[in-house]
Amino acid sequence: MAKLDVDVSKLTFEQLEKVRKYLKKMIEVGGSDLHIKANSLVRLRKNGKIIPFSAEFFSRDDALTLAKEMLRGEFSKFAEQKEYDTTYVYDENNRFRVNFFFQMEGVSAVFRVIPVKIPSIHEMNYPDVLKDFINLERGLVLVTGVTGSGKSTTLASIINEINLTHQKHIITIEDPIEFIHKDKKCIINQRSVGHDTLSFNNALRGALREDPDIILVGEMRDRETIKLALHAADTGHLVFSTLHTLDAKETINRIISQFPIDEQNAIRLSLANVLQVVISQRLVPTVLNEGERERIINGRKILPRIAAMEILIKTPFIEKLIMEKRDYEIKDALEKGKDVYKTQSFDQALLDLYKEKIISKKTALDYATSASDLKLKMEGLMEASEALKSGESANKSVFKDDDIFDLK
């Protein structure tokens, strides 16, 4: 067991300097995550794939020393809790979210890039409907997806748009703080769990007495946080948060299943009332070649990965489906509401990206909720395209024959 107290004066910061070189290289090559593991190679995540980044091993002692050099006075808390979240400022242009944890070989650490510049909705190629969400006055907006699917970036982009266009008081409760928002038209108070507040629950209770218009809860991790978020939305606030769920249907089921059976009907009614939007996203690879950083496609700057989004927007029918426990009908409702309400399923999002030549057919089918249904739609699209071409050819031949008529 490691000693809990760290004598900073005895640290050489050699391991930290070594990691800084890896972080610099990762920034240069466009990686997203740096993995340091005791008794293992240094690895990098780039475009969603884990690849070796160096032939150098971090020994068990090296990895432990790195934790001491970075955490210093907080090392004792890490040693006791066995995991620790923090942020690391490399320089004024580069920050990282860092998680240290113990595993069977010793200490591991993961450094994730946090862009200092908050990307706009346009720059991220998000659907235009996301701009409508900045005008919401109250209710609950959820961004969901697996770890690493870009939920934090999506939320930061929406909050940034609000900051540029509205005069609001925004309170964020995060663990840890990732994107840093500067006051523009809004006043934004960002609170880090463990540093500025003891817990999400404490901060949420306090927020209701701090005159907020908008509350961002980094993650709805437990029943109490969910209950407080629903209450905040029900009392006239706009609440943003995240969940680790795959789609809108699972999101609704996950929230309700957190509560005892005798409370679930009341929670379902409350959720149906306050839920405004669910954005569920998956990062999918684009048609860019290996090593290609960006490409202009249809006038848009496309990066190696793009967010395919299922979008639920509350309508009277969606509210009715939630209240009547007809969650299994939500996907069809989203697809039917695409033209009128701007809702869409994952498969519709993937089909659009495929039609725009941003992703390949294989990628679309690999990431689809129902690959067989999507394949049929793609084949129908190709048949329609061929029919259109045939029609155009026929018209051209007709007009060619009509050239015998001299209309001058």
Side-chain angles (χ1 to χ4, degrees), residues 30-33 44-51 112 119 121 123-130 142-155 157 242-254 277-295 297-298 300-313 327-338 342-382 385:
S32 63
D33 300 82
L44 168 76
R45 183 180 294 277
K46 184 181 178 185
N47 298 336
K49 298 177 181 178
I50 295 286
I51 56 176
R112 168 160 291 182
I121 290 172
E123 288 170 334
M124 293 303 297
N125 290 305
Y126 294 147
D128 287 340
V129 68
L130 265 68
L142 297 174
V143 180
T144 82
V146 300
T147 300
S149 59
K151 299 185 295 296
S152 297
T153 304
T154 299
L155 274 179
S157 297
T242 71
L243 278 172
H244 289 92
T245 51
L246 292 176
D247 55 29
K249 174 188 169 186
E250 185 187 341
T251 299
I252 292 163
N253 290 333
R254 176 73 58 83
V277 175
V278 179
I279 303 166
S280 300
Q281 60 186 65
R282 301 170 191 171
L283 284 181
V284 299
T286 61
V287 293
L288 271 64
N289 299 319
E290 187 72 28
E292 194 176 3
R293 299 288 289 271
E294 61 183 55
R295 187 193 300 178
I297 301 177
N298 300 326
R300 300 158 64 186
K301 185 170 75 173
I302 304 300
L303 302 177
R305 292 194 294 169
I306 192 168
M309 292 181 169
E310 177 174 281
I311 300 174
L312 176 151
I313 300 171
D327 306 335
Y328 56 89
E329 296 182 44
I330 285 176
K331 179 176 178 288
D332 287 341
L334 299 184
E335 294 186 343
K336 291 175 181 176
K338 191 174 194 298
K342 302 179 184 177
T343 59
Q344 64 183 27
S345 68
F346 269 122
D347 290 357
Q348 285 177 319
L350 291 167
L351 184 60
D352 286 345
L353 292 172
Y354 168 69
K355 287 193 291 187
E356 294 176 56
K357 297 181 170 53
I358 293 173
I359 65 173
S360 68
K361 180 178 181 179
K362 181 180 185 303
T363 295
L365 295 175
D366 285 347
Y367 284 83
T369 300
S370 175
S372 57
D373 288 349
L374 182 58
K375 188 175 182 182
L376 287 173
K377 290 176 183 176
M378 286 177 168
E379 290 170 353
L381 183 69
M382 291 180 68
S385 178

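Since the model is a prediction, treat every value here as computed from it, not as a measurement.
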Check: How many angstroms lie between atom CG of Leu351 and atom NZ of Lys375, to the nearest 0.5 angstrom?
Finding: 14.5 Å
Note to self: Check Asp332 with Lys336, please: is the shortest side-chain N to carboxylate O separation under 4.0 Å?
What the structure shows: no
Check: Above 12 or not: heavy atoms from other molecules or residues under 6.0 Å from CG of Asn289?
Finding: yes
Check: Do Asp247 and Lys331 touch side chain to side chain, with heavy atoms closer than 4.5 Å?
Finding: no
Check: Between Asp352 and Gln344, is any pair of side-chain heavy atoms under 4.5 Å apart?
Finding: yes
Next item on the list: Kindly compute the distance separating CG (Leu243) from CZ (Arg254), expressed to the nearest 0.5 Å.
Entry: 7.0 Å
Checklist line | Contact summary for Met309 and Tyr126, nearest pair of heavy atoms | finding: CE-CD2, 3.2 Å
Next item on the list: Report yes if the side chains of Ile306 and Val284 come closer than 4.5 Å at any heavy-atom pair, otherwise no.
Entry: yes
Check: Does Gln281 reach the main-chain N or O of Gly150 with its side chain, forming a donor-acceptor pair under 3.5 Å?
Finding: yes
Margin query: A side-chain contact here means heavy atoms from C-beta on lying under 4.5 Å apart; do Glu292 and Ile302 qualify?
Written below: no
Next item on the list: For the pair Lys151 (side chain) and Val146 (backbone), establish whether a donor and an acceptor sit closer than 3.5 Å, ignoring hydrogens and angles.
Entry: yes
Notebook entry, point to check: Is a side-chain donor or acceptor of Glu310 paired with a backbone partner of Ala248 at a separation under 3.5 angstrom?
Noted result: yes
